[in-house]
Every structure is written in C-alpha cells, then in structure tokens.
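Written out below as structure tokens is the structure these notes cover.
Note that ligands are numbered from 1 as they come in the structure, with each ligand's atoms numbered from 1 the same way. Please read these numbers as outputs of a predicted model, since none were measured by experiment. Starting from 1, each residue takes its place in the sequence as its number.
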Amino acid sequence: MTGKSAGRIASLAGTDEGADPAERAATLREIIDRAAREYYLDDAPSLTDAEYDELYRELVALEEEHPALRTADSPTVRVGAEPASSLTKVRHVSPMLSLANAFDAAELFEWQERNARIASEAADGPFVAEMKIDGAAVALLYEDGALVRGATRGNGQVGEDVTHNLRTIRDVPLRLADVDAALPSRFEVRGEVYMPLREFEALNAYRERREQPTLANPRNAAAGSLRQLDPRLTAGRPLGFYGFQLVPDPATGAEHPCATQWETLELLIALGIPVNPDRARCDTLAEAHEFAASVEARREELGYGIDGVVVKLDDRSLWEELGVRGDREPRWAIAYKFAPEVAVTRLEEIAINVGRTGTLNPFARLAPVEVGGVTVKMATLHNFDEVARKDFREGDYVVVKRAGEVIPQVVEALVDRRTRELPRFEVPERCPFCDTPVERPEGEVAVYCPNAACPERLFWTLVHYASRGALDIRGLGERTVRQLLAEDLVGDPADLYELTLEDLTSLEGFAEVSATKLLEAIEASKDLPLSRLLVALGIRHVGDVAARILARRFGDLDTLMQADRETLAAIHGVGGVMADAVADYFARQDNRDRIERLRAHGVRLTEPVERSGHRPWEGLTFVITGTLPDMSRSDAKRYIEARGGRVAGSVSGTTDVLVVGDNAGSKLERARALGVSEWTEAELLRRGDAEAEAAGDEPVDAEGGHSAEGADDG
Ligand code: IVH
C-alpha cells in the first residue's frame, strides 16, 4: 500500500498506523461490513468506491500476513452483503462472483504474471476488454428460451427475486431469439442493469424539486429502482441492460456452448440480449491496456457511467484451469479501475442555502480547482450530519470528487494539513437569511427555518412557482427572481401579477421587448388549470400526478380547501401523509391570504372538465393490466373512452396500447411479444392531456408548456 492511501485509511478507520493487527482487522471488518450494507442494502454508500477498495485491500493484506486473523465471517471470505428481507430470496445456479481490481498498468501486468505461474498460456492472450458498467448486477434465468426469473446479486450465493421489475426493462427479452446453436435448456444470462446519465440527472432534478434526497450516483439509482417492491416505480425509471456472461445451470449437465468469451458475446447478441458495443478483442495485454486508456479518455462522452474496463482471458478453457481465488474472484478476469476524478483544494466557506420548505442545506465554497477538466467552485456537503461526521472545517484542505455525472462532492478533509487549529463547524442557531431561530424536529436530520416570509425561502418559492411543471412563466428564472427581490418588487407570488412595464425595464438586462414578453408570460400563467397552480403552490408531497387527482376530484380550489383530512385521505392515490400536508397547508392563514390575492388577480382556480367533442384516440384499442397507481380501472376506462379510445379485455393483434400498472401479469408478456406500446398511468394522462392541447382544447397540464392563445378557441 502506498503512503498516500495509508494516511487516508488511517483517517477513515480512525486508527493510527502501527495499531495492533487484530484490532485493526476488527475495525476494518466493521467498516467494510457497514459500507457493504449501505451499498447493497440501503443504496446509500457513505464510502467512495476507492475508499472501500483501499480498506478492503488493507484487510486482505493483513489477513494474508496473519492468517490466524481470518475469521469465517470476514468480508474477504463472503462475497457481498446479506440480502434485505422484503423480497423473495433465490439461489443462483452458481455463485455470482466479484472481480479483483487493478488500479494502474503495473497491477494489470502483475495479474498476467500471477496467472502465468498457474497456466503459462494465460500470459499470451488473446484478451477481451469490456466496459465495466457502473450499475447493478443481475442474473436472468432462461428456461427453454423464456425468462423465468431475474435476481439481484445479493451476497453472491443468494439474491433477491426482482423478476417483476426486470420485466419492465425493455432491454431484457422475455423470450430469446432462436439460434442455430446447442444451448443448455436452462441458463443464466448475467449482466448489468444501469441508468443512463441523462435519466439519472432528470431523476435527481425531479427529486430535488420535490425536496426528496438526491441519489448519490447512477448505480444506486439503478439498484434502488430494481429493488422496488412495486414494478410501477421501476417502470417509471428508464433502465438499460447489458449482458456479458452466460452460465448454464449445472443441474442440466450441459456444457457451456462457447469456447471463448468473444463468441459468448456474439451468441448473446444473436439471442437478442443487448451487449455493449464498446469492446475489443486484443492479442496482447498491452493492447487491452491501450483500449482501457482510450476509454478513460472518452469516459465523459458515454451516456452511462462506467468505473473501469474488465479485461478477460478470451479462451474459456483457461478459466477452469485458473480457478477462483478465495471463493470470490475468478482469476480469468480483472477490473482495471479508473482513477476517480479528484483534486485537493481549500474549503473556503461552509455556506448554507434555504429551500422553499425551509430546509437549511450546507454546501462548500471552494478555492477554484480543476477536477476532470471542469473548474469546480462549489460542491455539495449533503447535510449537517455529514459535515459533523467528516469534521469539515472552514480553512481545511479537502478532497473534491466529481464522478463525471454527479455534482461535485467533498469527500474528506485532509486533517493532517491543518497548520493551525480551525474552529469546528457549528450548525447555525438562526437562519442565515432572516435571523429566525431554526427548528430541528425530533428524529429528523433536517434543520428548518420556520419563517414563511424568509427571503431565501421566498426566492425558491418564486423560482418554483414559475418553473416548467408549475405555472411555466418563461423568462422568470433564478436571475430575474433575484433582481425582483433585490429591488423589493415582489414579496409573494401574487405580487408577480402587479408588476408593470416600468418595474421590469428598470431592471438591468431588461429592454421593452423582453419586459413585455415576461409580462405576457405572467399574464398567461393565470389561465393554467388548477392542477398546475396546485403544483406551483409547493404543497408538500403534492407533485404533478397528485395535483391532477386533486384538481379533477374537486374541480375548484374552494371545494378542495373545504375538504377535511378524512375526505382527502380516502381518495385513491392521495393517502394519509398527503392528506395531512394538504389540510395543513390550507389551514394556514398566510397561505389562505396568498390564495385570496391570487384570486383577486384573476388566477384561475378551476380545473377544466374534459371536453367530449375531441377524440384523439379514435380507432385505438387499449388494454389495461395490473393495478394503476392512482386511477381505478373504471376511471381509466372512462378517461380513454372520453378521448375516443376503445378498451378491450385482452391483448391481441389489434391492441395498440397496453396501460401497465402494478403486478402486471401475462398480458404484459403477450403485449411485449407483439410489440404493443406500453404506457404507465402517468404517460396515459400526459398524452391524453397533450393531445387535447395540441388540438386547441382547454390548456391542460402537459409537460413542455402551454399556449395562451389556444386557450380560448373552444
Ligand atoms: S465479468 C466474476 N464484465 O462488476 C464476475 N463484470 O466487480 C464476472 N461488471 O458484479 C464479472 N461490467 O456485475 C464482468 N463487462 C463486465 C462487467 C462486470 C460490470 C460488474 C459485475 C460484477 C462486478 C464485479
């Protein structure tokens, strides 16, 4: 181990070097076990991969040096964490192993030398280099060509049955294509489920809007999506799949159909399994290394996350000869890991922002530093607990990491580099923006500013009010909102409707044309349906789907405001938590005042009734399967029929659209086989509204905006 990593590990594990090896091993085991649990079970890792790898290697080295220290339950002996309990456990046809890592070229070539000592031909190659997709490992079990089960890796022996979720992924064939090869009757296709970076970013932006914690990386997003108990949630998250292994069920007694890894990949493609096209068959290891280096250089351009390249011996007969190390890592492959994009810089300030619901969020202002080709000046610190746990202090030198896809993060403080005593960071007692004493609800990590009139809360309230999914006021972005607040031109969303041309042209950067446009956009926002206003008001837990349900159910805001908790909670798709939030919101006098002012300005407080005349789905046949999240089946049927569609009971050659809900069964399979379009409930509503809008109907809640002109020509 290098001096650099030893220092980091000492600080991570909280012990100095030269500690008693038995104690050290116990500490390492504890940290690694906890990290594995966080990684596999909670999808919320607190250690970076590099940190984990370093600790793991230290433990391996320690156990190799002192074999007496190796315990039966050491993480070096087991493969992964124990599976979580709520999903059904399934045993893999053979263990799903892990891979040894090489962190630089020297370690890659050492792998070759080690192998050559066991089987001399192993040094010669050829090798296959593949992307190491940063996703969640799964095993798809096919029996006579049909997908019968899909499972997560779990602890390597036993995984969790996530068939229901894997079936929602388009890349996962429910039936394999016929090929001209002798296949085992039962085999697993193993590979990686991943979330494309764009989707990952969109998901995090969505979660941020709803003030939900963001996901650390696409891998956790993929793993979390897969382990949902409710396939509707998985289906709503666009996941991809790449296969790279075919494992016959040993019980069939069948041989592996391919002699090489390269052939295996080609066979998988022929079977209809997506295989990552970015791969290389290399005659020498130097060539494989070159491929890996070229991949590292264009890592940012890939649409998905990778954390390295896996180099495999192509000749499968060598796989058996080389065997498996420590029941855990096959010797025939190695993961060549990329350096994380990190840099060291000074933490100048632990700054705080306050979200629209009042949460105080710490973030780091940094001395500008280049990380992986991008200059970073700010980075997230997650929450105050994290700041305390990692003991970040203003003035510290810190390690900043950018995993390409994710917002930069401050990983650790280099405590050794403190040249003087720095004061510990204290969570503020008062809101930094309005000086109101903060609140820390029992049992919550979050710290809140309770002042609804706090200028920073107001800022985010206005930004949210004008955002796309809300009242979509184009031209009213963060910068303009800041200007309006600085000039004291608005103190509440209702004030937007009192802005004049003079007010706006007095702002820097506004000329008459841009000011007029903004005023028009503000004016147009008055005509959007109630559901959009409900989103704009920023009521906790009320997202776009819930807003639509509430607006449709009550028709107008006054009726909604009079509804009691019980009535609200009884609505399909609402439930207790949201009912409480809605009732609390309307119980507050300041919120009621705001609504009265909006009403006085002519903001629409009603939801248009669906028109019966326009029939965009005339001629289309729909089938509904499973339980829809928010609509009953008869609701959905009425909704479709109101738009001219026909609802049939079973999938056939004439089915155009399958509306898929929870626990979808054989209809989904059949629809997939027939290539029928699949819509979720959210998609059904979105399209239903969008198509009505396109036809010049009432403006309704369609993503991507509205047309003020179209609103009146009915
Ligand atoms: S081969 C013995 N190839 O990396 C296991 N693994 O660290 C065979 N992974 O759990 C693995 N991309 O899920 C292989 N092209 C690739 C991979 C890959 C991602 C994952 C795999 C495994 C983990 C091991």
Side-chain angles (χ1 to χ4, degrees), residues 35-36 39-40 45 49-50 52-53 56-57 75-76 78-81 83 92-103 111 115 127-140 150-157 159-160 162 166 171 188-195 217-220 222-223 226 239-247 256 258 260-262 264-265 268-269 273-282 288 291-292 295 299 302 304-314 316 318-320 322-338:
Y39 179 108
Y40 290 108
D49 286 2
Y52 180 89
D53 286 339
Y56 188 89
R57 295 172 136 216
T76 60
R78 281 180 297 115
V79 179
H92 301 300
V93 299
S94 67
M96 289 181 79
L97 303 173
S98 213
L99 289 172
N101 295 319
F103 290 95
W111 167 69
N115 282 345
F127 300 90
V128 175
E130 297 168 21
M131 298 295 200
K132 186 166 189 315
I133 311 286
D134 204 7
V138 295
L140 310 174
T152 63
R153 173 162 172 263
N155 66 11
Q157 312 279 342
E160 291 167 319
V162 289
L166 287 164
D171 283 351
E188 281 184 359
V189 171
R190 295 184 180 171
E192 209 77 0
V193 166
Y194 64 96
M195 182 176 286
N217 53 48
R219 173 186 355 117
N220 294 112
L226 258 193
L239 299 170
F241 172 77
Y242 281 129
F244 44 72
Q245 232 185 336
L246 188 154
V247 182
H256 195 288
C258 307
T260 67
Q261 170 66 5
W262 194 256
T264 308
L265 296 176
L268 291 176
I269 296 171
I273 298 282
V275 170
N276 192 308
D278 237 327
R279 59 183 190 275
R281 190 163 180 274
C282 308
F291 173 80
V295 169
R299 183 182 182 185
L302 304 168
Y304 48 85
I306 57 170
D307 61 346
V309 164
V310 185
V311 181
K312 302 175 181 176
L313 277 158
D314 193 27
R316 291 182 40 89
L318 286 169
W319 292 19
E320 268 178 44
L322 289 170
V324 173
R325 181 170 174 237
D327 270 353
R328 185 176 185 272
E329 294 160 355
R331 292 195 181 80
W332 47 262
I334 189 152
Y336 178 83
K337 291 271 196 104
F338 295 153

Legend entry - Asn115 (side chain) donor-acceptor with Arg331 (main chain) under 3.5 angstrom: yes
Inset, instruction - Could you tell me whether the side chain of Trp111 and the main chain of Ala335 form a donor-acceptor pair under 3.5 Å? - result: no
Which residue and heavy atom of the protein sit nearest [atom], plus the separation:
| atom | value |
| --- | --- |
| atom 20 (C) of ligand 1 | Glu192 OE1, 3.4 Å |
| atom 18 (C) of ligand 1 | Phe244 CZ, 3.3 Å |
| atom 10 (O) of ligand 1 | Ala137 CB, 3.8 Å |
| atom 8 (C) of ligand 1 | Gln245 OE1, 3.8 Å |
| atom 3 (N) of ligand 1 | Lys312 NZ, 3.0 Å |
| atom 12 (N) of ligand 1 | Ile133 N, 3.2 Å |
| atom 22 (C) of ligand 1 | Leu97 O, 4.5 Å |

N or O contact, [X] vs ligand 1, cut-off under 3.5 Å:
| X | result |
| --- | --- |
| Met131 | yes |
| Lys132 | yes |
| Trp332 | no |

Nearest atoms (heavy-atom pairs only) where [X] meets [Y]:
| X | Y | value |
| --- | --- | --- |
| Gly150 | Leu166 | CA-CD1, 3.4 Å |
| Leu239 | Ala222 | CD2-CA, 4.0 Å |
| Arg153 | His92 | O-NE2, 3.1 Å |
| Leu265 | Glu130 | CD1-OE2, 3.6 Å |

Legend entry - ligand 1 versus Val310: contacting region, heavy-atom distance under 4.0 Å: side chain
Please confirm whether [X] approaches ligand 1 to less than 4.0 Å, judged on its heavy atoms.
| X | value |
| --- | --- |
| Ser98 | yes |
| Arg190 | no |
| Pro330 | yes |

Legend entry - Over-ring placement of Arg316 relative to Trp332, 6.0 Å and 45° cut-offs: no
Inset, instruction - May I have the step-by-step check of side-chain contact (heavy atoms from CB on, under 4.5 Å) for Tyr304 and Met131, ending in yes or no? - result: CA-CA 10 Å; Tyr304 48 85; Met131 298 295 200; 4.1 Å; yes
Inset, instruction - Show your working on side-chain contact (heavy atoms from CB on, under 4.5 Å) between Leu313 and Trp319 and close with a plain yes or no. - result: CA-CA 8 Å; Leu313 277 158; Trp319 292 19; 4.2 Å; yes
